[in-house]
Amino acid sequence: MPVLPPSFYQRPVLQVAPQLLGKKLCVKHEDGISRATIFEVEAYDGPLDLACHGARGRTPRTEVMFGPGGYWYVYFIYGMYWMLNIVTGAKDYPSAVLIRGAGEWDGPGKLTRALGITRNHNGQPAKRASGLWIEDAAVIPQKSIRRTARIGVAYAGEWAAKPYRFMLSKT
DNA sequence: GCAGTGATCATA
DNA sequence: ATGATCACTGCC
């Protein structure tokens, strides 16, 4: 299946996030390519969303979120884990999708650790040449997508309750 | 239920 | 320079 083009990402994050479910997260390594089916994501939507890093303004870390969609935003947290996000939307509007689960890996920290994703990927475009990209797959029917509140964002006031977490239903 | 672990950023 | 915070995980 083809690599998802920049135009796929350069749309509102709430459209992009559910459409990433079922797609293949692809990583190039020494012996070939790993492909993992994305089954859980979260949307972070712009300057008003208090859970979104971009809501606190431009900083060196969040700079890539303010660029156009289609680039990786990878950051380090809790002294141990890398979080993998794909930037979405238009330039100057900070939004991204956190990839929380793919393949056999349940949890965003475990996923990046298993796939060897680090700061090296931060700011890179999601294309083959970067060694990290996403390939298209069959569309997932609406009824097999579950929405809940996001994890670990209790500090975000009313934004914490927004149903911005999207998961493939089991079964 | 909570400790570990260190980059990041606001404050000074 | 300092200290609070943190989009997590694993062990209690």
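Keep in mind that this is a model prediction, so the values were computed, not measured. Below, read A as the first sequence line, B as the second, and so on, with proteins coming before strands; counting in each chain starts at 1.
In this entry the distance linking CH2 of Trp105(A) with P of dG10(C) reads 14 Å, nearest Å. The OH atom of Tyr155(A) sits 13 Å away from the P atom of dT5(C) (whole-angstrom rounding). Summarising the geometry, the separation between NZ on Lys110(A) and C1' on dC11(C) is reported as 13 Å, rounded to the nearest angstrom. Computed from coordinates, the Ile77(A) CD1 to dA4(C) P distance equals 18 Å when rounded to whole Å. At whole-Å resolution of the value, CG in Asp49(A) and P in dA7(C) are 11 Å apart. Rounding to whole angstrom units, CH2 of residue Trp82(A) and P of dG6(B) are separated by 12 Å. Regarding Ile151(A), its CD1 atom lies at a distance of 10 Å from the P atom of dT9(C), rounded to whole Å. Distance, Arg165(A) CZ to dC8(C) P: 10 Å, rounded to whole Å.
A residue-by-residue look at Val153(A) and Arg113(A) shows that Val153(A) has its nearest nucleotide of DNA chain C further toward the 5' end.
Taking the six-membered ring where the residue is Trp, Tyr75(A) and His53(A) present perpendicular rings, their angle passing 60° and hence far from 30°.
No side-chain heavy atom of Tyr9(A) sits under 4.5 Å from any side-chain heavy atom of Val87(A). In this structure, Leu84(A) and Leu25(A) have side chains that are in contact, with non-hydrogen atoms separated by less than 4.5 Å. Proximity of Tyr81(A) to Lys110(A): side-chain heavy atoms (C-beta onward) are nowhere separated by under 4.5 Å. A heavy-atom distance below 4.5 Å is found between the side chains of Tyr73(A) and Arg61(A). Counting only heavy atoms from C-beta outward, the side chains of Ile145(A) and Met167(A) never approach each other to under 4.5 Å. In this structure, the side chains of Glu42(A) and Ile151(A) come closer than 4.5 Å at one or more pairs of heavy atoms.
Counting non-hydrogen atoms under 4.0 angstrom, Met80(A) reaches a base of the nucleic acid. Among the heavy atoms of the strands lying under 4.0 Å from Gly109(A) are primed sugar atoms or P, OP1, OP2 only; no base atom is included.
Secondary structure note: stems in DNA chain C built from 3 or more consecutive Watson-Crick or G-U wobble pairs under 3.5 Å occupy B:1-4 with C:8-11, B:6-11 with C:1-6.
We find that the ring of Tyr78(A) and the base of dC8(C) stack, their centres lying under 5.5 angstrom apart and their planes tilted less than 30°.
The pair Glu135(A)-Arg128(A) counts as a salt bridge, with a side-chain nitrogen and a carboxylate oxygen less than 4.0 angstrom apart.
Look at Arg150(A) and you won't find any side-chain N or O under 4.0 angstrom from OP1 or OP2 of dC8(C).
At least one cation-pi condition fails for Arg100(A) and Phe166(A): the charged atom is not both under 6.0 angstrom from the six-membered ring centre and inside a 45 degree cone around its axis.
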- Produce a footprint string for nucleotides 7-12 of chain B: one letter per nucleotide, 5' end first; B if the base is under 4.0 Å from any protein heavy atom, S if only the sugar-phosphate is, - if neither. SSS---
